[in-house]
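The model shown is predicted, which means the values in this text are computed figures rather than measured ones. Note that ligands are numbered from 1 as they come in the structure, with each ligand's atoms numbered from 1 the same way. Worth knowing before you read on, the calculation uses all heavy atoms, side chains too, and leaves out hydrogens, waters and symmetry mates.
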Amino acid sequence: MRTTTVVIGAGHAGLAMSWCLAKRSIDHVVLERGEVANSWRSERWDSLRLLTPNWQSRLPGYGYEGDDPDGFRTMPETIAFIKRYAAVISAPVRTQTNVTSVRPSGDGYEVATNQGVWQCQTVVLASGACNIAQVPVVAEAVPPDITTLTPMQYHRPSQLADGGVLVVGASATGTQIADEIHRSGRPVTLAVGEHVRVPRVYRDKDIQWWMDAAGVLDERYDEVDDIVRARNVPSLQLGGSPERRTVDLNSLTRIGVKLIGRLAGINNGKAQFSGSLRNQCALADLKMNRLLGAIDEWATKNGLDSEVSPPHRFEPTEVEASPPLGIDLTRGEIKTVVWATGFRPDYSWLDVPVLDRKGRVRHDGGVVEAPGMYLMGIPFLRRRKSSLIDGAGDDARDLSAHLASYLGAQTSAQRPERQALSR
Ligand SMILES: Cc1cc2nc3c(=O)[nH]c(=O)nc-3n(C[C@H](O)[C@H](O)[C@H](O)COP(=O)(O)OP(=O)(O)OC[C@H]3O[C@@H](n4cnc5c(N)ncnc54)[C@H](O)[C@@H]3O)c2cc1C
């Protein structure tokens with residue numbers, strides 16, 4: 001089988017790229033190992049809602065048309081939204097088509113799947129940034145009678161044994177799961193490392209509204225001082241709920257969740273935690289206040305002060321004077337450990353030498369270091385919003401333009417050869 005471009009993955013990023021390729025009349029297929037929106041179907045917990053409001057899921061050629069722009073989609077709603085997008089744009093998706101290898105072939109690529117082999121000139125890797133849950137090496141030292149789960153294996157509190165739960169990691173996933181499990185009656189201890197604190201609502205508006213309006217989410221990858229660092233910043237400590245609840249460390253402490261430092265190691269069944277909790281929290285408070293300061297400045301500059309409530313600051317994160325530095329996991333108080341320690345992509349099928357030592361694709365704003373290969377959906381790929389649904393449109397527009405000019409250059413390079421052959 002032959003096509004000009006193979007897009008791997010029918011999440012929103014692959015579909016946004018498909019829309020842009022179709023607009024440029026570039027022949028392509030979108031190969032998907034499961035069904036459209038597979039990650040949202042099979043890799044998320046039941047109660048998850050998007051942490052971005054409905055209005056903020058703008059995809060090229062498709063926006064929100066419902067009557068609740070400020071609401072947060074449930075998982076079934078998110079799946080339906082992405083499925084509808086694929087249908088509206090008539091994306092040429094081949095579902096149940098697992099890509100097993102991509103390798104250079106001639107002046108393009110050979111893409112092998114469980115449904116046959118494709119030859120193409122260009123490839124777009126839109127296979128997702130969160131295919132594998134990252135679990136620290138110390139996980140191996142957890143005593144065997146404790147159940148350990150990743151967020152991809154966690155669905156709901158009732159699947160857990162009664163008793164204490166240690167949630168490791170306090171970004172969006174860890175704080176939301178800690179909140180839900182603790183409310184189910186299982187006492188939660190939350191191990192907190194570096195995190196990014198933001199309020200759900202500030203001066204009457206959603207924090208995402210402020211960051212979008214003030215251009216924070218549009219900041220480009222070639223404008224930040226340290227892009228490697230920016231690409232590794234933890235996700236915002238944020239959750240979506242009908243009540244627009246702020247889920248942060250203070251809200252968790254109020255319901256009884258116990259905060260503890262970053263998990264540093266496990267020795268003979270004893271978990272050891274860093275003494276940096278207070279500093280980590282102070283740093284997160286400082287950074288949040290810096291963001292709020294920038295928002296206030298922007299609001300004043302843009303004449304919004306009379307339309308919203310005045311600037312204010314939130315209570316600093318409350319931390320126990322001397323939080324414990326260890327938990328004896330052999331004592332039976334902790335029955336489950338949840339590793340909310342991040343996610344990473346899986347490129348085990350990519351037989352092109354473009355991965356760095358850490359297994360990340362080497363690229364410049366999504367233009368991969370291999371001719372005719374592109375990347376989508378990775379944190380801060382081209383903009384701060386790149387890994388959000390709302391970020392795929394601008395990235396797909398930019399990268400499809402690059403892809404089109406690459407194809408154009410290839411065609412003109414081949415023309416003299418063809419003319420020579422025909423003479
Ligand atoms: C827990 C969680 C919550 C999030 N919440 C939000 C949110 O509220 N708002 C927001 O905007 N973003 C959110 N995100 C971030 C982001 O939207 C998701 O990571 C999103 O799924 C990325 O979209 P994508 O299209 O790049 O990748 P995915 O949606 O992961 O799509 C990639 C597709 O590629 C397919 N695939 C992978 N490998 C292969 C292969 N070898 N062959 C064929 N197909 C393959 C997968 O099956 C999948 O369907 C969240 C992410 C996570 C993990």
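Ring pair Phe314/Tyr202 is tilted by interplanar angle, where 30° to 60° counts as tilted. Using a 30° and 60° split on the angle between ring planes, Trp209 and Trp298 fall in the perpendicular class, above 60°.
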Starting from the N and O atoms of ligand 1, find every protein N or O within less than 3.5 Å and list the pair with its distance.
residue, atom, partner, partner atom, Å
ligand 1, 8 (O), Leu51, N, 2.6
ligand 1, 9 (N), Thr52, OG1, 2.8
ligand 1, 11 (O), Ile389, N, 2.8
ligand 1, 17 (O), Ser387, O, 3.4
ligand 1, 21 (O), Arg44, NH2, 3.1
ligand 1, 23 (O), His12, ND1, 3.4
ligand 1, 25 (O), His12, N, 3.3
ligand 1, 25 (O), Ala13, N, 3.0
ligand 1, 29 (O), Ser39, OG, 3.4
ligand 1, 30 (O), Ser39, OG, 2.5
ligand 1, 41 (N), Val99, O, 3.1
ligand 1, 41 (N), Trp349, NE1, 3.4
ligand 1, 42 (N), Val99, N, 2.9
ligand 1, 44 (N), Arg33, N, 3.0
ligand 1, 47 (O), Glu32, OE2, 2.7
ligand 1, 47 (O), Arg33, NE, 3.1
ligand 1, 47 (O), Asn38, ND2, 2.8
ligand 1, 49 (O), Glu32, OE1, 2.6
ligand 1, 49 (O), Glu32, OE2, 3.2

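Residues passing the ring-ring contact (aromatic ring centres under 6.0 Å, His included) test with His155: none are found, sequence neighbours excluded. The ring-ring contact (aromatic ring centres under 6.0 Å, His included) search around Tyr406 returns none, not counting sequence neighbours.
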Exercise answer: donor-acceptor pairs, residues 66-73 side-chain atoms, under 3.5 Å, sequence neighbours excluded:
residue, atom, partner, partner atom, Å
Asp68, OD1, Gly71, N, 3.2
Arg73, NH1, Ser57, OG, 3.1

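Environment of CZ in Arg94: sparse, with no more than 12 heavy atoms of neighbouring residues, nucleotides or ligands closer than 6.0 Å.
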